[in-house]
Amino acid sequence: MKLAAILLSVIALSAEAPSPELLQVKRIYLLSMGSGLDQFLASRITRDRRFEVVTDPQLADALLTDRVGEPFERRFDELYPPPPKEEAAEDTDKDDAKDKSPGLIEQKLIRSSSFGKGRGNVFLVDRKTRKVIWAYYKRPKDTTPDNLDRLADKIADRLRKESVSAPAKQ
C-alpha cells in the first residue's frame, strides 16, 4: 500500500515538471490577440514577475500568440527575417529552373490550420526553434473587459505555475 502511494506521488510530481524549454524563457513578446487579450495578459504577466514582457521582439526568448499556422509564420518572418541566401545558392536555383519543363508551373503549398479559428487558445512559441513550448485553452464567456481580465489572470497563473522549476504545491 505504501509502495502504491509512493508511486502515485512520483507520477504526480513528474507530470507537473516543467519543460526544459519553458524554464529557459525569461522575456516574452506578445503578439496582438483578439479582443485585446494581449493587453490584459501583459498586465498580468508583468505583475507575476516570473517573466519580463518586452515591447521589442528582438529581446524576446519566446512569443505569446493566440494563433499558429500560416498567419503566425508570416508575422514571425516579419519580426525575424530569415538570413539572406548566398549567391551560390541562387545560381543553383537558376540552373534548376532552366532544367524544368516550360509547361510545369510551380505551386506553393498552402498549409491551413484550424488552431487560429478556435478562440481561447494561447501558445508560447520559442523564438529560436519555432516550437510551441506551452499551450493553454480556456474559452472566454464573452469579450467584456472583466471576462478578459479573468481569462488573462487564469492564463498568467497557469503559465507561472508551469514554468517554475519546483512543482507547485496543491
Side-chain angles (χ1 to χ4, degrees), residues 4-83 111-170:
I6 292 171
L7 286 174
L8 286 175
S9 297
V10 169
I11 291 170
L13 289 175
S14 65
E16 293 181 13
S19 72
E21 296 94 352
L22 188 55
L23 291 174
Q24 300 301 315
V25 175
K26 304 289 184 236
R27 294 181 196 95
I28 297 176
Y29 179 78
L30 285 89
L31 293 175
S32 294
M33 298 182 190
S35 304
L37 179 60
D38 54 309
Q39 302 300 307
F40 292 96
L41 280 168
S43 174
R44 293 297 182 165
I45 293 170
T46 300
R47 190 176 312 153
D48 284 346
R49 297 179 190 239
R50 162 60 181 93
F51 299 101
E52 182 180 347
V53 175
V54 295
T55 58
D56 180 356
Q58 301 303 320
L59 299 175
D61 301 315
L63 291 86
L64 196 62
T65 181
D66 63 349
R67 60 185 56 96
V68 292
E70 191 175 341
F72 170 76
E73 291 174 20
R74 279 195 306 264
R75 182 69 176 127
F76 192 95
D77 287 339
E78 288 171 10
L79 294 171
Y80 310 106
R111 291 182 277 169
S112 63
S113 171
S114 61
F115 287 117
K117 296 174 183 164
R119 297 180 184 240
N121 286 305
V122 179
F123 306 96
L124 188 67
V125 180
D126 185 273
R127 176 183 166 188
K128 292 176 184 162
T129 64
R130 290 189 178 207
K131 289 178 13 182
V132 175
I133 58 175
W134 181 84
Y136 182 72
Y137 174 79
K138 178 73 175 168
R139 189 174 183 97
K141 293 179 184 178
D142 56 49
T143 57
T144 61
D146 287 341
N147 279 325
L148 290 174
D149 189 47
R150 278 192 284 275
L151 177 60
D153 190 38
K154 288 178 183 179
I155 293 168
D157 187 51
R158 179 66 65 94
L159 179 59
R160 181 182 45 78
K161 284 180 181 177
E162 292 183 20
S163 67
V164 294
S165 57
K169 295 181 180 178
Q170 296 284 342

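For the numbers below, each heavy atom of this structure counts, side chains included, while hydrogens, waters and symmetry mates do not. Here the structure is a predicted model, which means the values were calculated and not measured.
Put simply, OG1 on Thr65 and CG on Leu37 are 10.5 Å apart, with the number rounded to the nearest 0.5 Å. Here the CZ-CZ distance, from Arg27 to Arg127, works out to 10.5 Å after rounding to the nearest 0.5 Å. Separating the NZ atom in Lys154 from the NZ atom in Lys138 is a distance of 4.0 Å, to the nearest 0.5 Å. Summarising the geometry, atom CE belonging to Met33 is positioned 11.5 Å from atom CG belonging to Leu148; distances are rounded to the nearest 0.5 Å. In this structure, CD in Glu52 is found 12.0 Å from CD1 in Ile45, a value given to the nearest 0.5 Å. Atom CG of Leu159 and atom OH of Tyr136 lie 11.0 Å apart (nearest 0.5 Å).
When every heavy atom of Trp134 is checked against every heavy atom of Leu64, the shortest pair comes out as CZ3-CD1, 4.5 Å. The two atoms that bring Asp38 and Leu31 nearest to each other are CB-O, 3.5 Å, heavy atoms only. Shortest non-hydrogen contact noted between Val68 and Val132 is CG1-CG2, 4.2 Å. Across every non-hydrogen atom of Ala62 and Leu124, the tightest pair is CB-CD1, 3.7 Å. Shown here for Val164 and Leu23, the closest heavy-atom pair between the two residues is C-CD2, 4.0 Å. In plain terms, the two heavy atoms of Pro140 and Leu151 that are nearest each other are CB-CD2, 3.9 Å.
Not one N or O on the side chain of Asp48 forms a donor-acceptor pair closer than 3.5 Å with the backbone of Arg50. The main-chain N or O of Val125 is never found under 3.5 Å from a side-chain atom of Glu21 such that the two would form a donor-acceptor pair. Here the side chain of Asn121 pairs no donor or acceptor atom with the backbone of Tyr137 at under 3.5 angstrom.
With respect to Arg74 and Glu78, no salt bridge is recorded, no charged nitrogen being found less than 4.0 Å from a carboxylate O. At a threshold of 4.0 Å, the pair Arg44-Asp153 counts as salt-bridged, since one of the basic side-chain nitrogens sits closer than that to a carboxylate oxygen. Lys161 has a carboxylate O that lies under 4.0 Å from a charged side-chain N of Asp157, or vice versa, which qualifies the two as a salt bridge.
Classification of the Tyr80-Phe76 ring pair by plane angle, with boundaries at 30° and 60°, yields tilted.
Asp146 and Thr144 are not linked by any side-chain donor-acceptor pair at a separation below 3.5 angstrom, with hydrogens and angles left out of the test.
Around the CZ atom of Arg158, the shell of radius 6.0 Å holds no more than 12 heavy atoms that belong to other residues, nucleotides or ligands.
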